[in-house]
Amino acid sequence: MKLVEPSLKSSPISTFNIERIRSDFPILKLTINDKPLVYLDNAASSQMPQLVIDRLVRYQATQHANINRAVHYLSEIATSEYENARRKLQFFINAQEDREIIFTSGATDAINLVAHGYGRKFIGAGDEIILTTLEHHSNIVPWQMLADERGAKIRVAPINDKGELIIDAYERLFNQHTKFVSMTHVSNALGTINPIKKMIRFAHACGVPVMIDGAQSAPHIKIDVQDLDCDFYTFSGHKLCGPTGIGVLYGKAELLERMQPFKGGGDMIISVTFEKTTYNTIPHKFEAGTPPIAAAIALGAAIDYLSTIGMNAIAAHELDLLNYATEQINYIPGVRIIGNATEKVAVLSFVIDGIHPHDIGTLLNQEGIAVRTGHHCAQPVMQYFKVPATSRASFAFYNNMTEVDALIAGIRNVQEVFL
Ligand code: PLP
């Protein structure tokens with residue numbers, strides 16, 4: 001069959017007011033190397049709309065104080081805004097109760113919290129923890145550290161050449177030693193969306209609790225933790241139009257209550273003597289010390305913003321971007337997409353024959369195009385595909401078709417320069 005070159009689509013999608021959305025993001029007006037910024041590194045960190053930046057400034061200028069520890073006006077305001085943000089996050093992922101939302105510094109922090117807080121108490125010698133080949137290092141290393149400490153074993157669910165999990169093989173990993181599953185909802189390196197609802201159901205049928213790393217899913221897919229029935233779910237604010245230094249751990253209340261705190265300090269206690277400390281109730285038991293108050297409140301504003309646009313509208317727009325970009329890249333000889341799962345978010349990892357990913361990234365940057373090159377903290381994925389690194393373009397809802405066209409032109413330019 002003869003391939004027909006798809007036509008370039010520079011016009012915005014009609015039902016989604018993309019130009020209006022873009023105007024909310026001041027950074028998108030930048031020029032880099034005298035070219036308009038084309039920001040396609042959203043899987044690493046997304047950008048903040050003005051409204052979130054304004055919320056940070058308003059907090060710092062008029063509401064800042066430490067929380068929970070005073071009766072003065074500012075402390076009360078800061079505390080109530082912080083707790084308000086917790087409720088916004090609760091509704092965003094449909095958690096049953098706000099005490100099931102714990103603010104962490106990010107997904108990495110949350111996974112460490114569960115590995116230590118749950119793992120140290122409930123996982124012992126000879127027990128097994130199931131991960132998948134698709135994990136980010138953040139969802140591998142904490143479990144390895146735990147396994148080393150406890151004498152437990154890590155088992156890994158494999159993937160196929162499309163970058164999809166092999167579900168039969170995952171199910172075959174379960175046995176009487178299996179004590180925990182921790183897996184990503186969406187692969188940061190490939191964009192694969194895992195069928196986690198089905199996988200959680202299977203784990204639960206074996207009596208095994210499941211943690212979901214939602215760092216790459218919460219920004220793109222409507223999350224309902226009650227529907228998923230996951231035991232833990234985590235994501236980071238900076239990938240969700242919020243600031244750095246803030247993330248969320250959702251946990252079922254009864255599990256959080258049975259867990260050990262991970263960090264000790266102020267606010268996570270009810271009483272302290274040198275003989276004995278009584279821990280606070282959840283979620284405070286897991287929020288030792290002064291939390292990132294400003295960042296949590298700003299993340300709440302980001303959630304408001306995303307909810308106004310609607311996660312389903314966001315997902316639909318990003319799917320259009322993914323389909324168009326995939327079609328265009330597939331047409332370029334010598335360019336190979338790594339990860340062709342049937343269910344994907346808008347992440348395109350690719351390699352170009354004969355050109356190192358870092359050279360690709362450097363040349364694209366000269367055109368004002370920001371992509372990420374490297375192993376994306378997912379070395380087992382790179383090992384599976386036998387590549388040291390890829391170039392990764394990752395899209396957000398504020399990207400448009402013109403930017404896809406710029407990426408395609410940039411890739412062709414890279415080939416002209418190097419080949
Ligand atoms: N999990 C996945 C799938 C990720 O993509 C990332 C970051 O890229 C993380 C975890 C870690 O997130 P953070 O660095 O915000 O803690």
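Whatever order the structure lists them in is the order used to number ligands and atoms, beginning at 1.
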Between F397 and H317 (judged by ring centroids, cut-off 6.0 Å), do the two rings come close enough to count as a pair? no
If you measure only the distance, is there a donor-acceptor pair under 3.5 Å linking the side chains of Y398 and N42? yes
Protein residue, atom and distance nearest to atom 12 (O) of ligand 1, heavy-atom basis: S236 OG, 3.6 Å
What atoms of ligand 1 come closer than 4.0 angstrom to any heavy atom of N188? 5 (O)
Aromatic plane relationship, F174 with F202 - under 30° parallel, 30 to 60° tilted, over 60° perpendicular: perpendicular
Of the side chain and backbone of K239, name the one, both, or neither that has a heavy atom under 4.0 Å from an atom of ligand 1. side chain
So which heavy atom in the protein is nearest atom 16 (O) of ligand 1, and how far is it from that ligand atom? T108 OG1, 2.6 Å
Using distance alone, with no hydrogens and no angle criterion, decide if E135 and T132 have a side-chain donor and acceptor under 3.5 Å apart. yes
Could you verify whether a donor N or O on one side chain and an acceptor N or O on the other, from N400 and E19, lie under 3.5 Å apart? yes
Which of the atoms in ligand 1, numbered in the order shown and given with their element, are less than 4.0 Å from a heavy-atom of Q216? 3 (C), 4 (C), 5 (O), 8 (O)
Would a distance-only check, ignoring hydrogens and angles, find a side-chain to backbone donor-acceptor pair under 3.5 Å from N160 to G163? yes
Look at ligand 1 and say whether H238 reaches it with a heavy atom at a distance under 4.0 Å. yes
N or O contact, D213 vs ligand 1, cut-off under 3.5 Å: yes
S138 N/O to ligand 1 N/O under 3.5 Å: no
protein heavy-atom neighbour closest to atom 4 (C) of ligand 1 works out as H136 CD2, 3.2 Å
I'd like to know if the side chain of N340 reaches the main chain of K162, judged simply by a donor and an acceptor atom lying under 3.5 Å from each other, with no hydrogens or angles considered. no
Using a 3.5 Å cut-off on N or O atoms only, is T184 in polar contact with ligand 1? no
Between F25 and Y39, is the gap from one ring center to the other below 6.0 Å? no
Checking contacts here: is it the side chain or the backbone of H376 that comes within 4.0 Å of ligand 1, counting heavy atoms only? Could be both or neither. neither
